[in-house]
> 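Would you mind keeping the following structure in view while I ask a few things?
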Amino acid sequence: MVTSTAAAHKTPQQQTRVLIVGNYCHDVLMQKDTVKAESLGGAASFISNVVNGMSVSCNLVSKVGEDFKYPVDFTPIVIPTSKTTVFHAYFDLAIHGNCHQDRVLKRVSACDPIRPSDLPDARSKFGMAVGVGGEILPETLERMIETCDAVFVDIQALIRVFDSVDGTVKLVKLEETEFYSLLPRIEVLKASSEEAVFMDVEEVRKWCCVVVTNGKEGCKVYWKDGELGIPPFLANQKDPTGAGDSFLGGFVAGLVQGLAVPDAALLGNLFGSLTVEQIGLPKFDSRLLQRVKDEVQRRKMQFLHCERSEYELEFLKPDGHEQFHASLGAAKSTPPFSIQARPWTPSNSPKETEQTPIPHYTAQAKLLANSVYEEPIQTVEGKP
Ligand SMILES: Nc1ncnc2c1ncn2[C@@H]1O[C@H](COP(=O)(O)OP(=O)(O)OP(=O)(O)O)[C@@H](O)[C@H]1O
Ligand SMILES: O[C@H]1[C@H](O)[C@@H](O)[C@H](O)[C@@H](O)[C@H]1O
């Protein structure tokens, strides 16, 4: 757990606020065995998109091959002998019922793991271990724990294994992994409801805060002495990819700026809901971002009088939490920010041409068929 002594080595000004560790990847969305869209992927890309959008300073460590094809804000380490990690997501193979799965994921190629020596020596305030393809090693997580005041971990970085023949992603129990003994030294473990069944939440919450996201239902925060459900925001889901990543980006951006855990989780829910409304890496409207930043600022001002260590998480729901939810919801739904009212049809969907440049972070989801929205990827809408 973070204590004020853990941060004693450097003043906050000398620290990178957020260190994001995880490989960028190429995401390919499949439907009926045809490629429907291609996009920059990897939790690191979704998270940095949100953290940057919220104007929180961050640094990112990621590895790719020479075939990496997207412009990004943080230059990755290029490994000449390795290929970029590639995932194929099959939404039509999704399994519903008891063993709910919103998509079947296949890791088609895997870049090198990130090693402790790849991490910066300088301390960071928040470290985020957010691998997607098995690139976070136990020793890498341990090094992050040593050099960051608080470490946030996405369980997908810890419990994924990959079929040796076709790369299908399977999950193993957290307690069977080498990461298990490190849990008492991390601050927050985030899991989706599908992943949460691979850990004993009642056991893990004794050591660190556990956040379980649950699609359109929002999320639930568990800590040693309590738990709290955090309400969602309405969304018109087109592609669930990266919702959990954007959630984590919003959650950490909120905490960095001094919000209490329940308020930061609302910010997470907001960015999760904005992400499912777009295919691939979302582009956030700059006016919407400004409104969200203004709301966060206003919220912070309400608590200036509270005596709280910068490094302590505040779990209890602060007064005015519901009002904060309403204000963020209003920011999201106020025209012209909302994109949910605009139905995509073949006639208004963007047409790709040879001349169309792919601007930085704006059109990184490359639609390969104009009809992609005729069969919206909405078979996945009903999350548990
Ligand atoms: N259909 C939706 N409507 C509103 N909010 C949503 C929806 N889907 C996701 N969210 C928001 O995003 C958060 C994360 O979503 P989810 O639980 O689906 O994550 P995930 O399964 O980890 O996603 P991924 O693995 O694709 O990144 C949710 O807690 C919720 O706040
Ligand atoms: O880009 C996506 C995204 O980061 C998802 O959260 C992850 O589950 C996938 O593996 C990845 O391809």
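Not measured: the values here are computed from a predicted model. Counting starts at 1 for both ligands and their atoms, following the listed order.
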> If you measure every N or O of Ala243 against every N or O of ligand 1, does any of those distances drop under 3.5 Å?
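N/O-N/O distance below 3.5 Å exists for this pair.
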> Is there side-chain contact between Thr241 and Arg103, with at least one heavy-atom pair below 4.5 Å?
yes
> Any nitrogen or oxygen of Gly244, main chain or side chain, under 3.5 Å from a nitrogen or oxygen of ligand 1?
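Yes; the residue has a nitrogen or oxygen that sits under 3.5 Å from a nitrogen or oxygen of the ligand.
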> Check Asp67 with Lys83, please: is the shortest side-chain N to carboxylate O separation under 4.0 Å?
no
> Shortest non-hydrogen contact from Cys111 to Asn23?
CB-ND2, 3.9 Å
> Just to be sure I read this right, does ligand 1 sit under 4.0 Å from the backbone of Phe233, its side chain, both, or neither, counting only heavy atoms?
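Answer for Phe233: backbone.
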> Just wondering, do His325 and Phe233 contact through their side chains at under 4.5 Å, heavy atoms?
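Yes, close enough: below the 4.5 Å cut-off.
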> So, does Pro240 sit close enough to ligand 1 that a heavy atom of it is under 4.0 Å from the ligand?
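Flag set, Pro240 near ligand 1.
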> Is it the side chain, the backbone, both or neither of Lys238 that has a heavy atom closer than 4.0 Å to ligand 1?
neither
> Does Glu194 have a non-hydrogen atom less than 4.0 Å from ligand 1?
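Flag not set, Glu194 not near ligand 1.
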> Could you list which atoms of ligand 1 come closer than 4.0 Å to a heavy atom of Asn214?
17 (O), 29 (O)
> Can you tell which part of Lys220 has a heavy atom less than 4.0 Å from ligand 1: side chain, backbone, both or neither?
neither
> Does an N or O from Arg103, backbone or side chain, lie closer than 3.5 Å to an N or O of ligand 1?
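Yes; at least one N/O pair falls below 3.5 Å.
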> Enumerate the atoms of ligand 1 whose separation from the nearest heavy atom of Ser273 is less than 4.0 angstrom.
4 (C), 5 (N), 11 (C)
> At less than 4.0 angstrom from any non-hydrogen atom of Asp245, what atoms of ligand 1 do you find?
27 (O)
> Inspect the contact between Lys125 and Asp149 and indicate whether a charged nitrogen and a carboxylate oxygen are less than 4.0 angstrom apart.
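Salt bridge: no.
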> Would you kindly specify which portion of Gln237 sits under 4.0 Å from ligand 1, judged on non-hydrogen atoms: side chain, backbone, both or neither?
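Just the side chain.
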> Side chains of Leu158 and Leu189: does their closest heavy-atom pair fall under 4.5 Å?
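Yes; the side chains approach each other to less than 4.5 Å.
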> Residue by residue, ordered by chain and number, which ones reach under 4.0 Å of ligand 2 with a heavy atom?
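Around ligand 2, where the cutoff is 4.0 Å for heavy atoms, the contacting residues are Cys25, Asp27, Gly41, Gly42, Ala43, Phe46, Phe87, Arg103, Leu105, Val132, Gln156, Arg160, Thr241, Asp245.
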> Numbering the atoms of ligand 1 from 1, which are under 4.0 Å from a heavy atom of Lys190?
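It comes down to these atoms of ligand 1: 22 (O).
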> Are Lys293 and Ser55 close enough that a side-chain donor and a side-chain acceptor fall under 3.5 Å?
yes
> Can an N or O of Cys219 be found at a distance shorter than 3.5 Å from an N or O of ligand 1?
no
> Would Arg287 and Gln290 count as having a side-chain donor-acceptor pair, cut-off 3.5 Å?
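Short answer, no.
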> Are the side chains of Arg299 and Pro318 in contact, using a 4.5 Å heavy-atom criterion?
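The answer is yes, as the side chains (C-beta and beyond) meet within the 4.5 Å cut-off.
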> Is any side-chain heavy atom of Pro120 closer than 4.5 Å to a side-chain heavy atom of Leu19?
yes
> Could you list the residues that satisfy salt bridge (charged side-chain N to carboxylate O under 4.0 Å, His left out) with Asp33, not counting sequence neighbours?
none
> Mind checking whether Leu313 and Trp223 have side chains closer than 4.5 Å, heavy atoms only?
no
> Going by the closest heavy atom to atom 6 (C) of ligand 1, which one wins out of Ala89, Ala265, Ala235, Gly215?
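Heavy atom nearest to atom 6 (C) of ligand 1 belongs to Gly215.
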> Tell me if a side-chain donor or acceptor on Asp154 pairs with a main-chain N or O of Val130 at a distance below 3.5 Å.
no
> Backbone, side chain, both or neither: what part of Thr275 comes under 4.0 angstrom of ligand 1, heavy atoms only?
neither
> What are the atoms of ligand 1, with element, lying closer than 4.0 Å to any heavy atom of Ser192?
20 (P), 21 (O), 22 (O)
> Using distance alone, decide if ligand 1 has a nitrogen or oxygen within less than 3.5 Å of any nitrogen or oxygen in Gly268.
no
> Could you tell me whether Val276 and ligand 1 have an N or O pair separated by under 3.5 Å?
no
> In the structure I gave you, are the side-chain heavy atoms of Glu277 and Lys332 within less than 4.5 Å of one another anywhere?
yes
> With Asp163, which of Arg107, Lys106, Lys170 fulfils side chain to side chain donor-acceptor pair (under 3.5 Å)?
Lys170
> State the atoms of ligand 1, each with its element, that fall below the 4.0 Å cut-off from a heavy-atom position in Thr213.
14 (C), 16 (P), 17 (O), 19 (O), 29 (O)
> Under the side chain to side chain contact (heavy atoms under 4.5 Å, CB included) test against Gln156, which residue among Val132, Ile136, Leu105 passes?
Val132
> Are any of the N/O atoms in Asn269 less than 3.5 Å from those in ligand 1?
yes
